[in-house]
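See structure below.
Nothing here was measured: the structure is a model prediction, and the numbers come from that model. Letters A, B, ... mirror the listed sequences (proteins, then strands); counts begin at 1.
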There are 2 protein chains.
Amino acid sequence: MKTIDLEDEPTDVERQSSPEKRGRKASKEVRRQQLIEATIDSLAKRGYSETTMADVADGAKLSRGIVNFHFESKEKLLVATLQYMYDEYSAHWRNAYDKAGDNTADQLKALVTADFDRAICNKRKLAAWCAFWGEAKSRPTYQALSGARDTDYQNLLSDLCSRLKAEAGYAFEQQALALALSALLEGLWLRLMMGLEDVTRETALQAANEFLLTAFPRHYTKGASGIQRL
Amino acid sequence: MKTIDLEDEPTDVERQSSPEKRGRKASKEVRRQQLIEATIDSLAKRGYSETTMADVADGAKLSRGIVNFHFESKEKLLVATLQYMYDEYSAHWRNAYDKAGDNTADQLKALVTADFDRAICNKRKLAAWCAFWGEAKSRPTYQALSGARDTDYQNLLSDLCSRLKAEAGYAFEQQALALALSALLEGLWLRLMMGLEDVTRETALQAANEFLLTAFPRHYTKGASGIQRL
DNA sequence: CTATATTGAATGAATGTTCAGCAAATTCTG
DNA sequence: CAGAATTTGCTGAACATTCATTCAATATAG
C-alpha cells in the first residue's frame, strides 16, 4: 500500500521505433515525433511555464535551433504535442470500444477500464495533460483539444447510459449521469496526477467501478478482480 | 439553456471593504489583499504562464515595483494567492457543514451544494485554481495547497458515506465511493472551468445530485429543486 | 555536387528584481 | 499647536537574466 503504482513507462528516446535512423539525418516525421516526446517529458518534469525550447532540444539531445526548424515556433510545437496526445487518447478508447463486443455493459466497462490503462494513464502523460488544462482557458487554440473527453466520447457515454437505462429501467436522469461519469473519470485523473494521497491506478479504477456498480446494479456485480457483467 | 451561468462576481478593486483607505497609504494587509485579488484576476484572464508582475501591478492600479515591496518575490505572491484561495474554500465548506444541522444526509447534501456556490464556483476562481493545478506537480510548494479538497475534507466525506452506509445498509465499499464522490466534484469543477459544452453551475450540481441519488437511494429523493432528504 | 538537415552563436524582446528618491502619514519638539 | 524630523508606503527607471527566434556556416545523404 506504500508504493505508488504510477511508474512511467520507459522514458526518453528509447521509445523511438526505428533505431537505424538515430544518428544525424532522420526523416522529418521521426524528428518531429522525437521532439514531441521530449516536449511531453519536459512538461511532465518542469511544467508548462518552465518548459523552454532549450529543455526540449536538450531532452532530444539535439541542438538549440532544431525546434524552430521542424516546428515553426514554440506555440506550434505545443499545439502539435497536444494534438498528438489527443489523437493517442482518442485512438485508445476507440480501440477499446471496438474490441468490447456487442454487449452494452461490456462496452461501458471497457471504456472505463481503458481510461486507467498504463499506456495513457501514467505520471508523465497525466502531468502533461494537466499542464495544458492549466493554460486552456486563456488559449483558444488549446481549448478544443484540452478536454480529452471530447464530444464524441461524451456522446458515446451518454448513449451507453441511455441504453442501459432502457434495458433495466433505471430511474436516473441519463444526461446528468453521463456527465457525472465523465467528470468522475477526469477527476480521478486529476487526483492521480497530483499524486498526494495514496491514490493509485488501482484504487482509481476501483472508485470508477464502484460508481458503475451503484449506478447500474442490474448490470454489474462485484467480481474477483473489479466488476463483472451480470 | 443557451446562456452560460457562470458570470463572475464584481471584479477588481470594488471588492475592497474599507473605502476610506483607498488612496495612497493603505494598511499593509489591505494592500496585500488588493494585490492577491489582482493576481487572481490575471491568472483567470491570462493564465499562469502569462501572468507577469506588471499585469498584477497594473491590475491593482499601482506602480511596477509594488509587488516586490509587499511580497518578496513573484513566487511568494503566488504562494500567498494560493493560500488565500485555499483558506477561503476551506472556510466555506466548514461553514456549510456547521450550518447543516445534525442529520448526516443533510450534511452531505450541504457539502455538495456548497461546492457549487457562486461565491467559490465562478469562472474567475475556477480558472485560477486550474492555473495552479497545472503547475502543482512540478512545484512542491503548491502541491499541499493545490488539492482544495484536502485531507480534512476527504476524511469528512468518507465519514459521512460510512455513516449513511451504516444507517441504511448499502452495499458499496465506503472508501472507494468517497474517493469517487470527491473526484466527481473536482471533475465537475474542471468541466465548468473549461466552459466548452453547455455545462453550467446548475447542470453540474444536477450531475452531483444524480450521484447522491443513485448512491444513497434510501436517503434522498427527487425534489422540486434538486434532491430532498427522505 | 546538390539538396537537405543540423548546428550554435548572435540578437532582441520580455520580465523579475533592485533601489535611490519621493511623498504622505506619524511622531517629536519647542 | 506649528513645524521639524522621522518613519513608512510607494514609485519608476535601471539592471540583469532568461529565452524564443534567426541565420550563416557546416555536415550528411543521395
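Counting only heavy atoms from C-beta on, A/Ser73 has its side chain closest to D/dT21 among D/dT11, D/dT21, C/dT6. Candidate nucleotides D/dT11, C/dA5, C/dT17 were compared by shortest atom distance to the side chain of B/Leu62, and D/dT11 ranks first. Comparing C/dT6, D/dT22, D/dC10 by their closest approach to the side chain of A/Ile66 singles out C/dT6. The side chain of B/His70 sits closest to D/dC10 out of C/dT6, C/dT17, D/dC10.
Look at CZ on B/Arg31: it is 14 Å from P on C/dA24, rounded to the nearest Å. Going from atom NZ of A/Lys28 over to atom C1' of C/dT6 covers 11 Å, rounded to whole Å. If you take CZ of A/Phe71 and P of D/dT21, they are 13 Å apart, rounded to a whole angstrom. Atoms NZ (A/Lys61) and C1' (C/dT7) sit 18 Å apart, rounded to a whole Å. Rounded to an integer number of Å, the gap from CZ of B/Arg46 to C1' of C/dT15 is 14 Å. Atom pair B/Glu75:CD and C/dT15:C1' shows a separation of 16 Å (rounding to whole Å applied). A straight line from CG of A/Asp55 to C1' of D/dA20 spans 13 Å, rounded to a whole angstrom. In this structure, the CD atom of B/Glu72 is 12 Å from the P atom of C/dC19, given to the nearest Å.
Using a 4.0 Å cut-off between charged side-chain N and carboxylate O, B/Asp152 and B/Arg94 make a salt bridge.
Distance SG/B/Cys130 to CE/B/Met193: 4.0 Å, rounded to 0.5 Å.
For the pair A/Asn68 and D/dA20, the criterion of a side-chain N or O lying under 4.0 Å from OP1 or OP2 is not met.
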* To do: Evaluate the criterion side-chain hydrogen bond (donor to acceptor under 3.5 Å, both in side chains) for residue pair B/Glu135 and A/Ser49; output intermediate values, then yes/no.
  => CA-CA 8 Å; B/Glu135 297 292 318; A/Ser49 69; 2.9 Å; yes
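By the ring pair (Phe, Tyr, Trp, His ring centres under 6.0 Å) test, A/Phe132 pairs with A/Tyr142, sequence neighbours left out. By the side chain to side chain donor-acceptor pair (under 3.5 Å) test, B/Asn155 pairs with no residue at all, sequence neighbours left out.
For A/Gln154, the CD atom is densely surrounded, since the number of other residues' heavy atoms within 6.0 Å is greater than 12.
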* Structure fact -> Scoring nucleotides 13-19 of chain D by protein non-hydrogen atoms under 4.0 Å (B base, S sugar-phosphate only, - none) yields ------S
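Ring-plane geometry between B/Tyr153 and B/Trp93 is classed as perpendicular, the angle between the planes exceeding 60 degrees on a 0 to 90 degree scale with a lower cut at 30.
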